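See structure below.
These numbers come from a predicted model, not from an experiment. Within every chain, numbering begins at 1; the chains are lettered A, B, ... in the order of the sequence lines, protein sequences first and strands thereafter.
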Protein chains: 2
Amino acid sequence: MPMDVQTPRKASGSATGRGRKRDRERTRQEILDVAFQEFAEKGLSGTNTDVIAARANITKRLVFYYFNTKEKLFTAVLEEAYAKMRDAERDLRLDELEPETAIRTLAEFTFDFDNDNPEFVRLVTIENIHRGRHLTKSLKARAMTRPIIAQIERVLARGEKAGVIRSGIDPVELHMTLSSLCFFSVANRHTFQPQFGYDMTSKRARRQRRTQISDLLWLYVRKDA
Amino acid sequence: MPMDVQTPRKASGSATGRGRKRDRERTRQEILDVAFQEFAEKGLSGTNTDVIAARANITKRLVFYYFNTKEKLFTAVLEEAYAKMRDAERDLRLDELEPETAIRTLAEFTFDFDNDNPEFVRLVTIENIHRGRHLTKSLKARAMTRPIIAQIERVLARGEKAGVIRSGIDPVELHMTLSSLCFFSVANRHTFQPQFGYDMTSKRARRQRRTQISDLLWLYVRKDA
DNA sequence: TTTTTAATTACCTTATTGGATAATTACTGG
DNA sequence: CCAGTAATTATCCAATAAGGTAATTAAAAA
């Protein structure tokens with residue numbers, strides 16, 4: 001059921017009345033923003049390019065003018081979304097924290113990010129349904145993950161040296177464990193809730209889960225007494 | 001790109017030549033089986049009912065004759081898939097195992113189930129993209145989960161009494177933690193691999209992850225020395 | 001056998017939707 | 001201020017696909 005398709009840009013905010021200033025970057029970005037929402041909401045085949053155009057107050061032709069195909073638009077949306085997350089990760093500055101705090105900060109950050117950005121989680125989920133074929137093709141993917149893995153590596157090394165973290169932990173494995181726990185709490189809430197009566201969106205459940213995951217992650221890496 | 005749509009049932013296996021015996025249950029089941037594969041592969045909007053019909057060697061009309069709408073067919077597929085998993089869970093017989101073995105068996109079972117049934121994982125993922133609206137409507141969902149939660153509860157109680165498991169563990173929370181870890185390793189492998197260079201499908205990685213999860217789960221519930 | 005019921009098919013209809021063609025018009029550099 | 005470039009629109013199209021109508025035929029009941 002497509003929503004009502006408005007005519008392009010009549011009274012659009014800052015515009016001059018009929019048609020606004022031509023601005024390549026702005027138009028491109030508006031398409032990306034709307035497409036992000038639409039793809040996250042409806043998936044790849046579920047998304048209608050007409051609707052994207054309408055919501056961005058432009059003609060459909062423009063969408064293809066800038067992105068050529070629906071798939072390429074999806075790829076661009078995906079890349080931008082990942083880039084935002086990796087940027088946020090980079091600002092974490094785990095190196096300045098003592099090991100336990102660093103691990104817990106990482107856990108809480110990841111949990112908060114996923115919970116605050118369910119559209120991002122949905123987008124990643126959708127990309128997995130498509131077997132990651134867009135991300136694989138794009139392949140700036142690998143480079144982007146290096147910083148976070150490197151940060152984790154350094155925390156583990158410091159903690160080991162300080163005698164508070166056990167040895168032999170694979171930073172990628174750690175990251176996967178953490179991602180699993182955080183991602184699931186957002187991605188699978190809709191099937192989990194009706195089955196187990198556990199509403200993961202409530203403030204209380206969310207805080208509890210956040211603590212739980214932080215504890216679990218620390219338990220996983222810390223050196224036993 | 002729909003695959004070539006064959007004409008209905010000409011040389012179909014056990015048939016008599018032109019058209020086979022009319023069998024309500026068999027036809028229904030064949031539709032369900034094909035639909036399961038198609039939905040798991042292509043999602044709800046990505047699936048074409050023409051293709052389902054062709055692969056089941058029947059006319060499209062029959063699909064609607066038995067299931068009325070595509071959505072209802074999807075719901076039926078989903079219900080059957082869940083039922084199968086819950087059945088397998090029921091056969092676990094955790095009550096006959098000592099606490100640590102029971103926890104590890106549960107962990108390994110869940111891991112194996114998800115890894116052996118990626119189509120199931122995909123189907124659940126797709127249902128989450130649709131915000132669980134089919135499962136919610138069906139609502140035999142809740143009843144089906146009771147057995148596994150009850151089993152976990154009993155294991156925890158026994159372990160507590162025996163002094164090997166700590167108190168205060170919520171069985172649903174435990175189940176969620178385990179599901180997260182296992183589900184992610186299948187559901188998100190396609191975005192994880194190109195980003196982190198970690199191939200979760202290899203025999204070695206799979207065995208390692210399985211052990212890892214079992215250890216982590218036990219670490220999570222066991223009573224500290 | 002005949003009648004009835006229900007499984008099955010052939011064919012149709014209408015809405016949707018990626019993407020294409022071609023004209024237009026707003027900026028920009030000279 | 002004018003010409004060229006590039007952003008933008010209006011319009012079209014062919015393929016797809018969910019679901020419907022009505023006839024047909026296999027099996028069960030009588």
Side-chain angles (χ1 to χ4, degrees), chain A residues 1-10 12 14-32 34-35 38-39 42-77, chain B residues 1-10 12 14-32 34-35 38-39 42-77:
Chain A
M1 310 88 201
M3 55 194 66
D4 53 292
V5 175
Q6 310 126 278
T7 51
R9 259 187 206 152
K10 277 286 118 115
S12 73
S14 57
T16 57
R18 51 134 187 24
R20 66 174 173 193
K21 221 178 312 182
R22 294 187 171 190
D23 183 337
R24 187 180 180 80
E25 271 322 299
R26 182 180 159 208
T27 302
R28 232 188 94 94
Q29 192 57 51
E30 279 181 3
I31 296 171
L32 275 176
V34 172
E38 286 293 319
F39 281 133
K42 318 229 184 89
L44 188 50
S45 40
T47 289
N48 186 334
T49 51
D50 278 307
V51 173
I52 293 177
R55 285 194 51 195
N57 280 100
I58 51 170
T59 357
K60 181 168 58 168
R61 185 61 185 84
L62 260 196
V63 176
F64 291 94
Y65 177 71
Y66 283 109
F67 295 97
N68 299 306
T69 68
K70 198 189 185 185
E71 299 251 326
K72 281 181 187 157
L73 174 57
F74 183 83
T75 304
V77 164
Chain B
M1 309 88 201
M3 55 195 66
D4 54 291
V5 175
Q6 311 125 276
T7 50
R9 266 191 200 146
K10 276 285 119 118
S12 73
S14 57
T16 58
R18 51 134 187 27
R20 67 175 173 194
K21 221 179 314 185
R22 295 187 171 192
D23 184 338
R24 186 180 179 82
E25 271 323 299
R26 182 181 158 207
T27 302
R28 233 189 92 95
Q29 191 58 50
E30 281 183 0
I31 296 171
L32 275 176
V34 173
E38 286 293 319
F39 281 132
K42 318 230 186 89
L44 188 51
S45 40
T47 289
N48 185 336
T49 52
D50 278 306
V51 174
I52 293 177
R55 286 194 50 193
N57 280 101
I58 53 172
T59 3
K60 182 168 57 169
R61 186 62 186 82
L62 259 196
V63 176
F64 291 95
Y65 177 71
Y66 283 110
F67 295 96
N68 300 306
T69 67
K70 198 188 185 185
E71 299 251 326
K72 281 181 187 158
L73 174 57
F74 182 83
T75 304
V77 164

Self-check item: Close side-chain approach of B:Q29 and B:R26, heavy atoms under 4.5 Å
Solution: no
Quiz prompt | A:L73 vs A:L32 side-chain heavy atoms within contact, under 4.5 Å | solution =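 Yes, close enough: below the 4.5 Å cut-off.
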Quiz item: Given D:dT9, C:dT8, C:dG19, which nucleotide is nearest the side-chain atoms of A:L62?
Solution: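 The closest nucleotide is D:dT9.
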Just the rounded figure in Å: distance from [atom2] of [N] to [atom1] of [X].
| X | N | atom1 | atom2 | value |
| --- | --- | --- | --- | --- |
| B:R26 | D:dA27 | CZ | P | 12 Å |
| B:R61 | C:dT8 | CZ | C1' | 10 Å |
| B:N48 | C:dG18 | CG | P | 15 Å |
| B:R22 | D:dA26 | CZ | C1' | 4 Å |
| B:F67 | D:dG20 | CZ | C1' | 19 Å |
| A:Y66 | C:dG19 | OH | P | 18 Å |
| A:I58 | C:dT25 | CD1 | P | 19 Å |
| B:F64 | C:dC12 | CZ | P | 18 Å |

Quiz prompt | Any donor-acceptor N/O pair under 3.5 Å between C:dT8 base and B:R24 side chain | solution =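 Check fails, no donor-acceptor contact within cut-off.
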Does a nitrogen or oxygen in the side chain of [X] sit under 4.0 Å from OP1 or OP2 of [N]?
| X | N | answer |
| --- | --- | --- |
| B:Y65 | D:dG19 | no |
| B:N68 | D:dG19 | no |
| B:T69 | D:dG19 | no |
| B:T49 | D:dA18 | yes |

Quiz prompt | 5' precedence on DNA chain D between B:E71 and A:K60 (nearest-nucleotide basis) | solution =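 Final value for this comparison: A:K60.
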Exercise. Would you check if the side chain of A:K70 reaches a backbone N or O of A:T47 as a donor-acceptor pair within less than 3.5 Å?
Key: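 Yes; judged by distance alone, with no hydrogens or angles, the pair exists.
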Quiz item: NA contact type, A:S45, heavy-atom cut-off 4.0 Å: base, sugar-phosphate, or nothing?
Solution: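 A:S45: no heavy atom of the nucleic acid under 4.0 Å.
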Self-check item: Closest non-hydrogen atom pair between A:A53 and A:T59, with its separation
Solution: CB-C, 3.7 Å
Quiz prompt | Closest contact, heavy atoms only, A:I31 versus A:F67 | solution =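 Closest pair (atom of A:I31, atom of A:F67, distance): CG2-CE1, 3.7 Å.
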